Amino acid sequence: MPTSILSRAETFPMTDKATGHAFSISLIRPFMELPDSPILIVLDSGITFGTAAEAAIYRGAVGALIPAVVVGVGYDADILATMRLRTRDMTPQTPADKYPEMAPLMGAEFGGADAFLAFILDELIPEVRRRAPEGSETRRILFGHSLGGLFTARALLTRPDAFEAFAASSPSLWWNDFATLALLEGFSDRLAKTGAKPRVLIDVAAAEQDPPQKAAPGMTLEATQARVREARMVDSAREFAEALKAYPLAELKYVCFEDEDHASVISAAVGRAVTFALTAPSAAPTA
């Protein structure tokens with residue numbers, strides 16, 4: 001049985017007109033439906049929407065955060081199918097044979113990131129504002145974890161004007177040999193051209209580089225450990241945040257969550273993203 005907060009949420013299907021890809025959208029409106037309320041979009045809604053909605057709606061209702069419309073983007077599919085669909089939608093163009101050892105878990109269809117971002121901006125947000133007229137036309141926040149964090153980082157670097165704030169949790173920057181980081185070249189020009197000054201949160205779990213003791217599905221333990229070493233999840237997230245200090249962002253925060261791993265950090269990361277995104281600037285925490 002859903003909580004009293006989540007019972008107010010609605011779920012509806014949407015199909016991307018350009019690609020035909022089907023999504024399951026979750027939406028919850030704030031108790032106080034104020035004009036120009038931020039729209040917080042969380043990817044992988046099956047594991048993020050409930051936490052984001054309860055945190056944002058409750059804390060918005062008691063005045064601790066700015067009231068917001070919370071939107072989850074996911075799939076009406078089982079876990080394995082969802083893993084493969086998110087790989088399709090959240091990754092940039094990648095050689096089709098790049099990760100054969102990961103195909104049993106993640107599939108082998110890549111490259112939908114640009115189309116997915118276009119769907120969010122051109123189709124999803126207008127539909128959200130139709131259903132929740134208090135949703136802002138310009139105040140939009142994007143949260144993603146893992147491949148969703150990669151997608152969020154890429155959205156920041158290619159379309160810094162698309163969202164007011166970007167929260168990239170445990171971003172899979174290793175994807176395609178860290179190719180997304182090459183987009184830092186030209187980032188200054190994109191900021192200047194659009195006039196964007198987004199707020200950015202980068203976070204990661206401290207244990208994400210610890211050698212795993214269990215093999216990933218379809219992989220040997222040795223191959224799994226090698227992949228973790230090559231991914232450099234903690235180091236690359238920290239280095240990405242350090243690199244972003246060179247650019248005129250409105251705000252930049254980096255968080256490393258102690259005693260958490262890639263999976264356990266999700267709840268903490270969602271909670272921190274909600275706080276970061278929906279705290280009034282004048283009251284923004286300093287740590």
Side-chain angles (χ1 to χ4, degrees), residues 2 6 8-30 37-57 68-92 106-107 109-132 135-136 139-156 158-159 162-172 201 266-267 269-271 273-274 277-278:
L6 288 179
R8 300 177 61 252
E10 63 172 312
T11 301
F12 55 93
M14 284 192 72
T15 300
D16 184 344
K17 296 175 183 176
T19 64
H21 295 170
F23 300 96
S24 178
I25 309 300
S26 300
L27 183 152
I28 191 166
R29 301 171 69 179
S37 293
I39 297 174
L40 169 60
I41 295 175
V42 296
L43 306 179
D44 289 316
S45 61
I47 56 174
T48 61
F49 178 74
T51 301
E54 291 188 326
I57 300 304
V69 178
V70 182
V71 181
V73 186
Y75 307 93
D76 184 12
D78 62 29
I79 293 175
L80 182 56
T82 291
M83 291 291 290
R84 294 173 176 175
L85 291 170
R86 68 193 295 273
T87 301
R88 174 197 70 186
D89 291 326
M90 296 182 188
T91 56
M106 301 178 67
E109 187 177 357
F110 313 137
D114 291 344
F116 187 36
L117 181 58
F119 165 75
I120 291 172
L121 298 177
D122 300 337
E123 298 185 45
L124 175 61
I125 289 176
E127 178 62 17
V128 168
R129 296 192 67 240
R130 186 185 73 79
R131 292 171 180 260
S136 176
R139 303 192 65 192
R140 308 181 297 220
I141 302 118
L142 179 65
F143 167 85
H145 173 76
S146 191
L147 286 182
L150 172 71
F151 176 84
T152 301
R154 179 179 171 82
L156 165 68
T158 59
R159 289 292 308 275
F163 298 91
E164 176 182 277
F166 297 79
S169 171
S170 300
S172 298
L201 170 65
I266 295 173
S267 294
V270 172
V274 168
L278 301 178

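Quick caveat: nothing in here was measured; it's all calculated off a predicted structure.
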### T91 side-chain N/O to G111 backbone N/O, donor-acceptor pair under 3.5 Å
yes
### S146 (side chain) donor-acceptor with G148 (main chain) under 3.5 angstrom
no
### Query
At what distance, to the nearest 0.5 angstrom, does CZ of F116 lie from CZ of F151?
5.0 Å
Distance-only donor-acceptor hits, side chain of residues 38-51, under 3.5 Å, sequence neighbours excluded:
residue: D44; atom: OD1; partner: R86; partner atom: NE; Å: 2.9
residue: D44; atom: OD2; partner: R86; partner atom: NE; Å: 3.3
residue: D44; atom: OD2; partner: R86; partner atom: NH2; Å: 2.7
residue: S45; atom: OG; partner: G74; partner atom: N; Å: 3.3
residue: T48; atom: OG1; partner: L43; partner atom: O; Å: 2.8
residue: T48; atom: OG1; partner: D44; partner atom: O; Å: 3.0

### Worked check of side chain to side chain contact (heavy atoms under 4.5 Å, CB included) between T152 and F163
CA-CA 10 Å; T152 301; F163 298 91; over 6 Å; no
### Query
Measuring from L117:CG to L124:CG, what's the distance to the nearest 0.5 Å?
11.0 Å
### Task
Report yes or no: does T87 contribute a side-chain atom to a donor-acceptor pair with the main-chain N or O of M106 at less than 3.5 Å?
yes
### Message
Between R140 and E164, does any side-chain N to carboxylate O distance fall below 4.0 Å?
### Response
no
### Query
Are the side chain of R129 and the backbone N or O of G135 linked by a donor-acceptor pair below 3.5 Å?
yes
### Query
Do F119 and F23 pass the ring-ring contact (aromatic ring centres under 6.0 Å, His included) test, and can you show the C-alpha distance, the side-chain angles, and the key distance before you say yes or no?
CA-CA 10 Å; F119 165 75; F23 300 96; 4.7 Å; yes
## Note on the structure
When rounded to the nearest 0.5 Å, the distance separating CG of D89 from CG of D114 is 11.5 Å
### Task
Walk me through it: do K17 and D122 pass the test salt bridge (Lys or Arg N to Asp or Glu O under 4.0 Å)?
CA-CA 10 Å; K17 296 175 183 176; D122 300 337; over 6 Å; no
### Query
Just how far is it from atom CD1 of I28 to atom OG1 of T11, taken to the nearest 0.5 Å?
10.0 Å
### Message
Less than 4.5 Å apart, side chain to side chain, heavy atoms only: is that true for L121 and R159?
### Response
yes
